[in-house]
Asker: 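Structure incoming, see below.
Reckoned from all heavy atoms, side chains included, excluding hydrogens, waters and symmetry mates. In the text below, chain A, chain B and the rest are named by the order of the sequence lines, each starting its count at 1.
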There are 2 protein chains.
Amino acid sequence: MENFRAVLRARELKMSKVREVVASCALRQVGHFSVEDLVRALQAEGVQEAHMATVYRAMPLLVEAGLVQATLISAGDSQHYEVVFEREHHDHLVCTSCGRVVEYRSEALLALQREIAARYEFELEERVSELHGKCKECRRAKERRVARS
Amino acid sequence: MENFRAVLRARELKMSKVREVVASCALRQVGHFSVEDLVRALQAEGVQEAHMATVYRAMPLLVEAGLVQATLISAGDSQHYEVVFEREHHDHLVCTSCGRVVEYRSEALLALQREIAARYEFELEERVSELHGKCKECRRAKERRVARS
DNA sequence: TTCAGTGCAAAGGATTTGCAACACC
DNA sequence: GGTGTTGCAAATCCTTTGCACTGAA
């Protein structure tokens, strides 16, 4: 939350009651969530003063503050986010059949990506690293289908 | 193009003049392109019969045929693609300031990702692997700005 | 001859934006 | 007390879809 205030200050923006409650609610989200999810969560907490537009306006600030991160995994079209502040770094494996998401940690991968960024003299800020494929169960299901036909 | 025909056959779809010209034009694209870019390219070739909707409908087939691949890098909101058929595998470094895109190849990264997928028993189909950060030039520019103020 | 493909225009859906009232600093 | 913020609704923009017509097998 301090990071958030710092970003606001740096951008000469103000901290408001609404921004505060949006930020704190976002931080309490588990897993991936969309702007709509967040609005629903806020309403569930009895916060009526959280309009879609306001949350849309707040998200980039939360990202900049390093509290949340945009993810690719999206149910449908909408952008999803996940909390990254004080969470362990991880990446995702996504099943292209059933949509199951497996999180994994790989220090080696992270190290390698850092090395690559350094090699090209980039200051690494964000990594998008997702592997898509068929999970074991879906592969089995497919084999059964083939065998039957 | 044979792959494309195979996909169409497998799905009991037909090869049409329009699909053919869309596919061949897509294969000739260099770098990242959007559906709109492709339509413009087609029109530049004098192909009038290539409507947006048609190209939108064709893209998933081209992806399935392994000719092109969806990319994350997008100028604005629209989905971008790039040719992958008979091109060397590569990933991207994207500058968050100037938008510059650097392609890099890393067999080690690829091998590691394959290993991770295997560990979780996923059959790897697609990798989304992008590093975002500030490139050297933008970092320098920023330093200059700070120094001046 | 029969489905599938195409053009077109209209619909859909996520996100953004203009503006008047309002709240921080 | 003057800016930045918010709610609201309308506007955008990419993408999808329904439909009548055309074309491939």
Asker: Keeping the roles fixed (side chain from A:Arg127, backbone from A:Asp91), state whether a donor-acceptor pair exists under 3.5 Å.
Answerer: no
Asker: Looking for any heavy atom pair under 4.0 Å, which part of the strands does B:Ala50 touch: base, sugar-phosphate only, or nothing?
Answerer: sugar-phosphate
Asker: Expressed as a whole number of angstroms, how long is the span from B:Met52:CE to C:dG12:P?
Answerer: 20 Å
Asker: When you check every protein heavy atom under 4.0 Å of nucleotides 17-25 of chain C, what one-letter string (B, S, -) results, 5' to 3'?
Answerer: BB-----BS
Asker: Nearest whole angstrom, please: distance from the P of C:dA14 to the CE of A:Met59.
Answerer: 16 Å
Asker: Without decimals, in angstroms, what is the distance between B:Leu38 CG and D:dT15 P?
Answerer: 13 Å
Asker: Ignoring hydrogens and geometry beyond distance, is a side-chain donor-acceptor pair present between B:Glu130 and B:His132 at under 3.5 Å?
Answerer: yes
Asker: Thinking salt bridges, do A:Glu103 and A:Arg105 make one under a 4.0 Å N-O criterion?
Answerer: no
Asker: Atom CG of B:Leu13 and atom C1' of C:dT6: how far apart are they, to the nearest Å?
Answerer: 14 Å
Asker: Check salt bridge (charged side-chain N to carboxylate O under 4.0 Å, His left out) between A:Lys14 and all other residues, then give those that pass, not counting sequence neighbours.
Answerer: none
Asker: Name the atoms and distances for all side-chain donor-acceptor pairs under 3.5 Å in residues 53-60 of chain A, with sequence neighbours left out.
Answerer:
none

Asker: Tell me: CD of A:Gln79 to C1' of C:dT16, nearest whole Å?
Answerer: 15 Å
Asker: Under a 4.0 Å threshold between the charged nitrogen and the carboxylate oxygen, would B:Arg114 count as salt-bridged to B:Glu107?
Answerer: no
Asker: For the pair made of CD in A:Glu20 and C1' in D:dT6, what is the distance, rounded to whole Å?
Answerer: 16 Å
Asker: Does D:dT16 have OP1 or OP2 under 4.0 Å away from a side-chain N or O of B:Tyr56?
Answerer: no
Asker: Rounded to the Å, how far apart are A:Glu36 CD and C:dA14 P?
Answerer: 6 Å
